[in-house]
Amino acid sequence: MDRTELATVVIDWYHRHARDLPWRRADASPWGVMVSEFMLQQTPVARVLQPWQQWLVRWPTPAALAAEPVGEAVRAWGRLGYPRRAQRLHAAATVITGRHGGRVPSDPDELRALPGVGDYTAAAIASFAYGAAEVVLDVNVRRVLARLDGGADAPLGAPTAAERRRAAAWLPERHAAVWSVAAMELGAQVCRSARPDCPACPVATSCRWLAAGRPPGPARPRQLYAGTDRAARGHVLAALRALPTGRSADAATLVGGWPDQAQASAALQSLLSDGLVRTDREGYTL
DNA sequence: AAGTCGTGGAT
DNA sequence: TATCCAAGACT
C-alpha cells in the first residue's frame, strides 16, 4: 500500500474508533478548539475534559476571557499544570479581541503570532477548527510516522526539517485535516509510547518498526520533580489558588509548609517576575 | 539548543 | 515506591 492508501486505512479506523471528545464535535467553536489545544499541551485528555467544559461555560468567547483579569484565568486553570499556559491563553484572547475582531484567526501565521501558540498549536487550530491542510506534528503523529515509515521509535528533541518533510508527504490530498486527527488518535490509542497495541493496529502489516522487531528508541533524560524549583512554584501556586478570589496572603503563608524556605521564597519571586503572581496592599495574590 | 516550566494517573 | 510521560512553547 502506498501512503495515500495507508492514510485512508487510518482514517477509516478513526471513524470507527475515535473517542467522542467535546472539542471534536460539530458544535465546537474555533475558540473551543483553541482552548482545548492550550489545555492539551503536555496534559492528558482525561484531565482536560472537565476544566474545558467549565472554562467554556464561563468564557464562551475570547472577549469574555479578555474582559477578566489574568489572575482569574490562572485560578480557573486549576491543577492542569504549566499555569503560564493560562496566562498565555488570556494574552492570546486579548490580542484576538483587540486585533482580530474577537474571532480566532484561521491563518496559521496569524495563529503562530499569538502568545502560547507554536508550530503545533497553530497547525492544530487551523486544521481542526477550520479544516485547513496543515502538517500537524505532535508527539503522537511523530511517533506513528517514525515507526510506520521510519522503522524507528520516536526521536527526541524538536522535529527536524526531514521529519517535517516526511509528515508533509503523508498529508493526503483529500481529508488532510481528518488524517491529522486520525494519526493523532492512532498514536494515542494504539501506537502508544508504552506497550503499543500492534495487534489492534490497522496498518501493522505495513509498519517498518514492527517488522524490525520494535527496536527501542533513545531513552529520554529523566525529569525529576520532587524538590525542584518547579515543585516549589507549584506549592506556592496551590496556596494562592486556595485563596478566595480577591484575597491575598503574605509570603510566610505561601512559603509555609515547604521544607526549603529559601527555595520557596525564590519560587515566589520567580512567579512574581513571570507575572503569574502580583502584589497588592494586603500581600500576594493571583 | 538545551533547560525550564506543573501535575497526577498508570505501571 | 520510583519512574514514565502526556495534543508544547519559549528562551
Side-chain angles (χ1 to χ4, degrees), chain A residues 14 18-19 21-24 28 32-52 74-75 77-89 91-92 111-129 134-145 153-161 167 177 179-189 191-196 216-241 266-267 270-271 273-277:
Chain A
Y14 173 77
R19 292 165 292 179
L21 304 177
W23 46 85
R24 285 181 182 162
V33 172
M34 178 170 169
V35 171
S36 79
E37 291 304 336
F38 269 72
M39 290 184 169
L40 288 164
Q41 290 169 2
Q42 298 286 284
T43 302
V45 165
R47 288 205 354 246
V48 165
L49 288 167
Q50 203 173 344
W52 182 86
V74 173
R75 178 187 303 279
W77 199 253
R79 307 166 72 87
L80 284 175
Y82 292 143
R84 51 182 51 182
R85 290 181 293 163
Q87 183 186 34
R88 289 170 181 159
L89 181 54
L111 287 164
R112 184 67 176 71
L114 296 171
V117 179
D119 290 333
Y120 162 75
T121 302
I125 295 171
S127 183
F128 305 150
E134 290 293 314
V135 174
V136 180
L137 207 50
D138 81 319
V139 65
N140 291 299
V141 178
R142 292 183 70 189
R143 187 171 54 247
V144 167
L145 294 185
D153 213 337
L156 299 177
T160 62
W179 153 254
S180 294
V181 241
M184 285 174 65
E185 188 74 352
L186 187 67
Q189 287 196 47
C191 192
R192 297 175 296 233
S193 177
R195 37 183 220 88
R220 286 206 309 198
R222 37 157 131 271
Q223 63 164 24
L224 5 84
Y225 182 70
T228 62
D229 293 345
R230 288 158 67 188
R233 285 164 59 105
H235 173 81
V236 172
L237 245 357
L240 257 353
R241 282 196 306 265
S270 74
L271 288 166
S273 63
D274 285 351
L276 286 165
V277 172

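Keep in mind that this is a model prediction, so the values were computed, not measured. Below, chain A is the first sequence line, B the second, and so on; all start at residue 1.
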For A/Pro159, all residues meeting side-chain contact (heavy atoms from CB on, under 4.5 Å), sequence neighbours excluded: A/Leu137, A/Arg142, A/Glu163
Contact pattern, 5' to 3', of nucleotides 5-11 of chain C - B, S or - by protein heavy atom under 4.0 Å: BBBBSS-
Partner residues of A/Ala231 under the side-chain contact (heavy atoms from CB on, under 4.5 Å) criterion, sequence neighbours left out: A/Tyr225, A/Thr228, A/Trp258
Strand-adjacent residues in residues 226-236 of chain A, judged by heavy atoms under 4.0 Å from DNA chain C: none
For A/Asp274, all residues meeting salt bridge (Lys or Arg N to Asp or Glu O under 4.0 Å), sequence neighbours excluded: A/Arg84, A/Arg233
Results of salt bridge (Lys or Arg N to Asp or Glu O under 4.0 Å) for A/Arg192 - residues two or more places apart only: none
Salt bridge (charged side-chain N to carboxylate O under 4.0 Å, His left out) contacts in which one or both residues fall within residues 114-127 of chain A, not counting sequence neighbours: A/Arg112-A/Asp119
C1'-based separation of C/dT11 from B/dA1 [nearest Å]: 10 Å
Whole-Å gap separating C1' (B/dT7) and CG (A/Leu237): 11 Å
Whichever of A/Arg195 and A/Tyr225 has its nearest DNA chain B nucleotide further upstream toward 5': A/Tyr225
Sugar-phosphate, base or nothing in reach of A/Leu80, heavy atoms under 4.0 Å: base
Residues which pass salt bridge (Lys or Arg N to Asp or Glu O under 4.0 Å) with A/Arg47, listed by chain and number, not counting sequence neighbours: none
For A/Thr121, all residues meeting side chain to side chain donor-acceptor pair (under 3.5 Å), sequence neighbours excluded: A/Gln41
Whole-angstrom distance between B/dG6 and C/dA6, as gauged at atom C1': 12 Å
Test item: A/Arg241 side-chain N/O and A/Gly78 main-chain N/O as donor-acceptor pair under 3.5 Å: yes
